[in-house]
Amino acid sequence: MVVPISMCGDPELEQLSRDGSQYSLSTGILPALGARSSRRLQLRRFIISPYNNHYRVWETFLITLVVYTAWVSPFEFGFLKKPKAPLSITDNIVNGFFAVDIILTFFVAYLDKTTYLFVDNPKQIAWKYTRTWFAFDVISSIPSELIEKISPKPLQSYGLFNMLRLWRLRRVSALFSRLEKDRNFNYFWVRCAKLICVTLFAVHCAGCFYYLIAARYHDPKRTWIGAVMDNFLQQSLWTRYVTSIYWSITTLTTVGYGDLHPVNSREMIFDIFYMLFNLGLTAYLIGNMTNLVVHGTSRTRKFRDTIQAASSFAQRNQLPARLQDQMLAHLCLKFRTDSEGLQQQETLDSLPKAIISSISHYLFYSLVDKVYLFRGVSNDLLFQLVSEMKAEYFPPKEDVILQNEAPTDFYILVTGAVDLVVYRNGVEHIVREAKTGDLCGEIGVLCYKPQLFTVRTKRLSQLLRLNRTTFLNIIQANVGDGTIIINNLLQHLKDLNDPIMDGVLMETENMLALGRMDLPVSLCFAAVRGDDVLLHQLLKRGLNPNESDNNGRTALHIAASKGNENCVLLLLDYGADPNVRDSDGNIPLWEAILGGHESVSNVLVENGADLKHGDIGQFACTAVEQNNLNLLKGIMHHGGDITLPNSSTGTTALHVAVSEDNVEIVKFLLEHGAAIDKADMHGWTPRALADQQGQVDIKAIFESTGEPKSQSFAAIPENRSKVRYLGRFTSEPTIPMPHDASFHGTNGSWSQSRPRRRNNNFHNSLFGIMSAAHKGKNNLLFPFNTDSDNAANNGMNSRASSIRVTISCPEKGEVAGKLMLLPGNFKELLEIGAKKFGIFPAKVICKDGAEIEDIEVIRDGDHLVFVSADDGMHKSNSPTPTNSELL
């Protein structure tokens, strides 16, 4: 079986991944491109992953034994003729460990280089091992004593067979290859350690071999060591070994043969090959060391050349001393960041876009989120902005922005401090100091005018730079957020209380009114400001007049609540729905009534506005909560039934009046038909509430009505006082706010106290406008539709499409009826009756005989009976037809 390396279920490998070792090149693992499977497969039982932690420790232990083998094998071959107790015992112990490793290798999965998959099939593992390294490993693990006994007499040399154990050095070579690529180890020191090990091994082997030539020569005195040391064979082993290493070192370093030199031809022949080897080894060592040194000094040399070139340029062009200092300070800072290994922008540019965005989000999101300009914008917009920002370092006293330069970028201060400087009559004046989280250059970018100030660093500072074009491109796709940003800017200019900023504010507002701002603004923004000129400009561009904000409020809601009659008329002329509901169930007419704007209420009613399209029960409860009897009368004046319950809780205005112990409003509600025994969704009636709260005056009023008393509950009723909440989506925190503060924060900002929201800008985007144009003629193409058409198309379709009714016509023999979806308006219902039953219906009645005149009173599951004109006149004297008449 083959196992994808990215899915290997080995727990130790998983731990390595959690520790971040999957990024280390020493593991040799690279996942295959296009691997999409997320399944995690386990290796077979008793099969070990080559990246198992315990197996890695075992391999490391074996490498220490390989180092021992690399020293002892040449030594025994050159200096020993028979086994000696300490070394021979240690050799056999080491061979035992390598014998265990041979057995263990048959249970270690391997990586197929062709498919890049783990192979854990025991047969395939065994076959691969036996046809590669198995024979060498077995031979190198046989005890020397055994080989010496079974070998032919000419080969019965104790150390000869030990040289085969140098095969194990391949493990050390593989170790250094991994360490050179491992980010946890310094490349320079790994390379140096490798070169030192190679040199020491070469010196040791050459010394052992050269001594072997002298020791086995027939005339010991005619050898390199015999010429200077009489009876050298009787000298101590340590003395002979040190002498041999001394000769090897002097030969390797080519310092000449002053005292030790070859005497016989065998020694000369060996020296010839050893010197040739030394040529290559010396070139290898010198080349590598030179490369390491040059790599460390080339950056310094390049920096010095750059500084010299900058100084020459400044002197040749006679630049001012301050400008020369800025140039050199910037170059020094750049070298410092590079030499300290920062290289932030170079590192980020080499990474994929997703990783760059994640890094920027982690480093800078919390800072950008606190910037005044982005208060209240969506998380999506902030994430996009942060991903496009570039972090830059500036040394002290360097100009980041120059006064009157083109507004191409603006900056957010991350660390350090900067001064805002203005030139007046050739003299510099410091306007103010900016600190962490402050913006620089945003006024020039947003208002598209030359920069107002010179921004100069006071100390080493880090700033986030955002390009103007990139910023505007992002904002164009987030219309609602663009509105919040421009409003935050205007509010900030007001709060500064600076004569210069006052002029900028007035100029910006004029540009807004004329539609010359590059930032996209919504109809709601114009309605909040009461700017009918800007509103007209936006409507002429084709923006959807029914576009809502994140609370479901349209520009008509806002204009009606503020009593701005001009804005209301503009929106209605461009096809705004007078009966559109927001997320709280409010309609523009109710907003006008609530604000006491009678002229706006009349305009809305003349254009088809009707309280029946809103939650009248909620409106009445709100009026009672505010103890506003005139507001209740206003609801009745516009045709609202103040006895209806709140659609969400079932609470009526009488419930609220009893809870508030408002005797006057209780009397008023009873006079207009409020029921004292109508229960809410919790089963509480107004009478029960009065009994439970011990309200004697209200109980007396209820007793005087003469209605039968219903049994009250023993439970304590909840306080159902209605509070409007801000927040359109269930995922957002609900923040209670006063009615008139939906668009104004504590500092006057439209979005200061609003929660972070989601984007809701599709309808005002390019695709939203195109799609709105194809939906019908009501919104954009033919904005001057009749009020009835607007009501039918915008206010009822969503409700009617979910109501099922049964229709029948007994006079035509259709008694059982037909099931259908309720159409959008009453006229269409009559047309369906005429088409289905072949009559011209005069009226529609329900099963109990009550006549239906408005489609809004039809409920889901009702049975509707169509009555023709003749039959309708015949039955006009009978208000309640009998079942026989219906069936």
Side-chain angles (χ1 to χ4, degrees), residues 25-26 63 66-79 132-133 136 140 159-182 185-217 223-225 240-298:
L25 293 177
S26 65
I63 288 174
V66 171
V67 174
Y68 167 79
T69 302
W71 175 82
V72 78
S73 295
F75 180 79
E76 291 177 339
F77 179 56
F79 290 90
T132 51
W133 318 124
F136 296 97
S140 61
L160 179 60
F161 181 77
N162 290 356
M163 298 303 295
L164 295 178
R165 294 174 185 169
L166 294 179
W167 160 251
R168 299 169 184 170
L169 287 174
R170 63 184 174 85
R171 296 175 182 267
V172 179
S173 177
L175 172 66
F176 278 111
S177 296
R178 289 199 303 268
L179 294 180
E180 287 174 359
K181 302 172 185 176
D182 197 326
F185 297 92
N186 185 280
Y187 174 79
F188 176 84
W189 294 114
V190 170
R191 292 288 297 176
C192 288
K194 182 179 180 180
L195 296 176
I196 292 173
C197 290
V198 170
T199 303
L200 292 178
F201 179 72
V203 169
H204 173 70
C205 288
C208 294
F209 296 157
Y210 204 48
Y211 176 81
L212 177 65
I213 295 174
R216 303 293 172 89
Y217 194 68
T223 62
W224 66 273
I225 190 172
R240 288 178 282 161
Y241 179 72
V242 171
T243 305
S244 300
I245 294 300
Y246 169 74
W247 168 87
S248 184
I249 287 291
T250 56
T251 305
L252 178 67
T253 56
T254 65
V255 296
Y257 293 99
D259 48 358
L260 299 178
H261 55 85
V263 176
N264 56 60
S265 59
R266 292 184 184 178
E267 294 172 353
M268 293 179 181
I269 292 174
F270 179 80
D271 276 5
I272 290 173
F273 287 102
Y274 184 50
M275 291 298 292
L276 291 175
F277 169 77
N278 288 343
L279 289 175
L281 180 61
T282 302
Y284 175 74
L285 293 174
I286 293 175
N288 277 272
M289 294 304 296
T290 303
N291 184 42
L292 292 174
V293 173
V294 169
H295 178 75
T297 59
S298 60

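Positions are given from 1 along the sequence.
With rounding to the nearest 0.5 Å, the separation of CZ in F273 from CG in N278 is 13.5 Å. Once rounded to the nearest 0.5 Å, the distance linking CG of L281 with CG of L276 reads 12.5 Å. Rounded to the nearest 0.5 Å, atoms CD1 (I245) and OG1 (T250) are 10.5 Å apart. To the nearest 0.5 angstrom, L175 atom CG is 12.0 Å from L169 atom CG. Atoms CD1 and OG1, from I213 and T223 in turn, are 10.5 Å apart once rounded to the nearest 0.5 Å. Atom CZ of R165 sits about 8.5 Å away from atom OH of Y68, to the nearest 0.5 Å.
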Please assess L164 against F136 for the test side-chain contact (heavy atoms from CB on, under 4.5 Å), listing each intermediate value before the final yes or no. CA-CA 8 Å; L164 295 178; F136 296 97; over 6 Å; no
Could you walk me through whether W224 and T243 pass the side-chain contact (heavy atoms from CB on, under 4.5 Å) check? CA-CA 11 Å; W224 66 273; T243 305; 4.0 Å; yes
Intermediate values then yes/no, side chain to side chain donor-acceptor pair (under 3.5 Å), Y211 and R240: CA-CA 8 Å; Y211 176 81; R240 288 178 282 161; 2.6 Å; yes
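Between P74 and C208, the closest heavy-atom pair is O-CB, 3.4 Å. Taking every heavy atom of both residues into account, T282 and L252 meet most closely at OG1-O, 4.1 Å. Taking every heavy atom of both residues into account, F176 and C197 meet most closely at CZ-SG, 4.1 Å. The two residues I286 and T290 make their nearest non-hydrogen contact at O-OG1, 2.6 Å. Between R171 and I63, the shortest heavy-atom distance links the atoms O-CD1, 4.2 Å. Here the closest non-hydrogen pair linking R216 and R266 is O-NH1, 4.2 Å.
Ring geometry for W71 against H204 counts as parallel: the plane angle stays under 30°, on a 0 to 90° scale with 60° as the upper cut. Note on ring orientation: taking the six-membered ring where Trp is involved, the planes of F79 and Y241 are perpendicular (angle over 60°, cut-offs 30° and 60°). The aromatic rings of W167 and W133 sit tilted, their planes meeting at an angle between 30° and 60°.
Close placement of the Y274 and W247 rings is indicated, their centers lying within 6.0 Å of each other. Side-chain rings of F185 and W189 stay apart, their centers remaining 6.0 Å or farther from each other.
Within the 4.5 Å cutoff, side-chain heavy atoms of F201 are placed close to those of L166.
The backbone N or O of G287 sits nowhere less than 3.5 Å from a side-chain atom of N291 that would complete a donor-acceptor pair.
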